[in-house]
Amino acid sequence: MKDKNKTQNKKNYEHNRIANVPLNGKHKPERAKVNNGVFVYSKIPTVASLAKSLDIEPSAIIKYLFLNKKKIVTINQTLDEDTLGEVCLEFGYDFRKEEIVAEEDFENLNLNDNPDDLTERAPVVTIMGHVDHGKTTLIDAIRSSHLVESEVGGISQAIGAYQKEYHGKKITFIDTPGHEAFAEMRSRGAKVTDIIILVVAADDGVMPQTKEAIDHARAANVPIIVAINKIDKPGANIEKVKNELIQLDVVPEEFGGDTIFLNIAAKKGVGIDELLENILVLSEMLELKANPKRYAMGTVLEAKLDKGEGPKATLLVQNGTLNASDYVVVGAAYGKVRRMTNEHKKILKVASPSTPVSIIGLNEVPKAGDLFMAFPTEKQAKDIANKRHALKVDEERNKNQSVSLDDLYDKIHEGEMKEVNIIVKADTNGSAEAIKQSLEKLTNDEIKVQVIRAAAGAITESDVLLASASHALIYGFNVRPDNLVKTKAQEEKVDIRLHNLIYALIEEVEDALKGMKKARIVEEVTGRAEIRQIFKASKVGSIAGAYVTEGSIIRDSKIRLIRDGIVIYTGKLGSLKRFKDDAREVKAGFECGFTIDGYNDIKENDIVEGYVEKEERE
């Protein structure tokens, strides 16, 4: 029976390969053919091959083009697309260009499943929220398990995936860590989920990671169910939580919004049934379906190197059926599924769509977020993995996950960009909101400007991770990133743009939307110094004793005073001394003393950043 099922699965796989025109080898379809009176092509054919496909003589095409278009062509000449279309219509055929996707590029396959093969699949639900708001406790209540007790400090440290059967239907849950340090894991979770459960503690309210979870949900265009947890605790204030979420445009259904709000007490199991029922209702509305008859495709949730078992990966099967002993390509890794288990470590023979499984048998550890696909033979899997590995090396060499403003200019000018994502960080909430509203007003019929985060405060690593995950630009207004954030932005190829004039910021984006490149004033940081001691002098005012941490501090240069990532003051250096002697310049690794022209409100741990301005052509 097992061999019969595998044979049928292979037949279905081969059928789907041909139907979707993805691959190479003996099953590869012809590059150009006629189907029901439609000439289908991927590359422009020669006159001879076009004539053969249309079942006419090449001379007929040559004669038509000469008499009607005054074009002289030979039988070995290729035609431009407009001419190809005219020839097809002249001889009674419609025409359609078909994209051929290389087998190793299986992420971009356009899967055309037979509607008769599609079946309902379990919804994939991601639990998100601020640290200690009860996400894992909610999973415990749903599964009647004791996950929290096994976690370090009661905080989730890795993605966990679990299934629950309710009223005869399965629901797949992904528990993502809530602490700010795990923002990247949360962004992975949002990419594979159908529904997000946003857990907010009734006694704590909306917190930074609550806002981040909302940002990730919106960036992934995933519906949210809000679970207000800990309603049984003293100090619980449900209305306060609702009002705070309304301020973030998460509006309950009772107030005319489209978001389901539920009150729960996860530790006591209160409201859990209602939550599960609402998940099933929402999943029915989403009409979630998959084809279990094809070879499996999906995403890596987590991966590690196990000392005893080798490379180990937690996979979420999103389409098709994964069989024990299938050959899989996972990112740039490959192997045969030697063992497949569920969250209870039970060995599985098959895993249907929406099932999370742990597998061993890969030749190397893949990355969380990688896609995987199963193939009929080891040779095919190995060949594809080798090609993907070569592509991965090239991509890492030229890594560009996010979009830069230069990319924006070019893509908009070429008509490729339809939506621009922007993150705004400013010195005050008022500034952030004003910039958000001004930017979103730039939306036109061709391009949508979407501000996926607008908040007061310094630019953080979390902002960079969200920008990387959603291909966004970061705009800072009167704020500065620290060195760790700059390094992270460079690693992720995230473009951070800094301004101190709102109109200049808006004008820059407006010009980009028009595909215009203009000269602009750019700043070059010459050095940074950390203020470690303050001295008061009656005639001079506040004197800063500082240590130069990078570059050099130059007398009379322009400077900005930064406190907790926020620009407090912009001006010029007054005096600059090394001990008692005047100095023209003090380099990194040395101490100095200085004053700031017209400003005395300096404090210990403030940062002074020196800079020069230059004109740069985009």
Side-chain angles (χ1 to χ4, degrees), residues 6 9 13 104 106-107 109 111 121-127 139 156-164 170-177 184-194 220 288 290-306 309-376 378 380-382 384-385 388-389 392:
K6 193 154 188 176
N9 205 356
Y13 171 80
E104 66 271 13
F106 56 72
E107 293 95 332
L109 287 180
L111 301 176
R121 66 169 176 83
V124 179
V125 180
T126 300
I127 312 290
I139 287 285
S156 301
Q157 301 292 318
I159 287 180
Y162 322 94
Q163 279 198 320
K164 167 75 175 181
K170 288 183 178 179
I171 304 172
T172 299
F173 288 93
I174 299 175
D175 173 29
T176 63
E184 189 170 11
M185 283 191 183
R186 283 202 308 281
S187 71
R188 290 178 199 154
K191 290 175 184 174
V192 298
T193 193
D194 302 309
L288 305 171
N291 177 8
K293 294 183 179 180
R294 68 164 60 249
Y295 268 67
M297 299 180 72
T299 302
V300 180
L301 296 180
E302 198 54 73
K304 64 179 181 179
L305 182 63
D306 188 282
E309 299 176 313
K312 196 171 188 177
T314 301
L315 309 179
L316 176 67
V317 180
Q318 293 172 282
N319 201 4
T321 297
L322 184 62
N323 298 280
S325 77
D326 274 352
Y327 297 98
V328 290
V329 175
V330 187
Y334 79 96
K336 183 177 182 179
V337 179
R338 285 177 26 218
R339 192 179 73 217
M340 180 165 64
T341 56
N342 64 11
E343 72 268 27
H344 304 295
K345 297 185 179 180
K346 179 184 176 183
I347 294 177
L348 303 178
K349 296 295 183 184
V350 295
S352 55
S354 296
T355 303
V357 292
S358 178
I359 68 163
I360 59 171
L362 301 175
N363 68 325
E364 62 181 57
V365 180
K367 288 171 59 179
D370 280 346
L371 296 185
F372 80 87
M373 185 172 179
F375 293 90
E378 182 178 14
Q380 194 174 16
K382 185 176 181 180
I384 291 169
R388 288 173 67 86
H389 191 274
K392 178 184 173 185

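Scanning both residues, N319 and A290, for their nearest heavy atoms gives OD1-CB, 3.4 Å. The minimum heavy-atom distance between M340 and V337, with the atom names listed, is CB-CG1, 4.0 Å. Minimum interatomic distance between A351 and V357 (heavy atoms only, all atoms of both residues): CB-CG1, 3.7 Å. Across all their heavy atoms, Q163 and P356 have their closest contact at CG-CD, 3.7 Å. Among all heavy-atom pairs drawn from L322 and A374, the shortest one is CD1-CB, 4.3 Å. Here the closest non-hydrogen pair linking L305 and P311 is CD1-N, 3.6 Å.
Taking OG1 of T193 as the reference point, atom CD1 of I127 lies at 8.5 Å (rounded to 0.5 Å). Interatomic distance, OH of Y295 versus CG of N323, reported as 7.0 Å (0.5 Å rounding). Here I360 contributes atom CD1 and K312 contributes atom NZ; the two are 7.0 Å apart, rounded to the nearest 0.5 Å. Taking CD1 of I347 as the reference point, atom CZ of R339 lies at 6.0 Å (rounded to 0.5 Å). Between the CD1 atom in I174 and the OG1 atom in T299 there is a gap of 8.5 Å [rounded to 0.5 Å]. Distance check: F372 CZ to L362 CG gives 10.5 Å after rounding to the nearest 0.5 Å.
Taking the side chain as every heavy atom from C-beta outward, V329 and M373 never approach each other to under 4.5 Å. The shortest side-chain heavy-atom distance between T172 and T355 does not fall under the 4.5 Å cut-off. Looking at M297 and L371, their side chains never come closer than 4.5 Å, going by heavy atoms from C-beta outward.
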From CA spacing to verdict: side-chain contact (heavy atoms from CB on, under 4.5 Å), F173, K164: CA-CA 8 Å; F173 288 93; K164 167 75 175 181; 3.9 Å; yes

Going through the distances and angles, do Y334 and I384 end up as a side-chain contact (heavy atoms from CB on, under 4.5 Å)? CA-CA 9 Å; Y334 79 96; I384 291 169; over 6 Å; no

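Between D194 and R121 there is a salt bridge, since at least one side-chain N of the basic residue sits less than 4.0 Å from a carboxylate O of the acidic one.
Heavy atoms from other residues, nucleotides or ligands lying under 6.0 Å from NZ of K382 number 12 at most.
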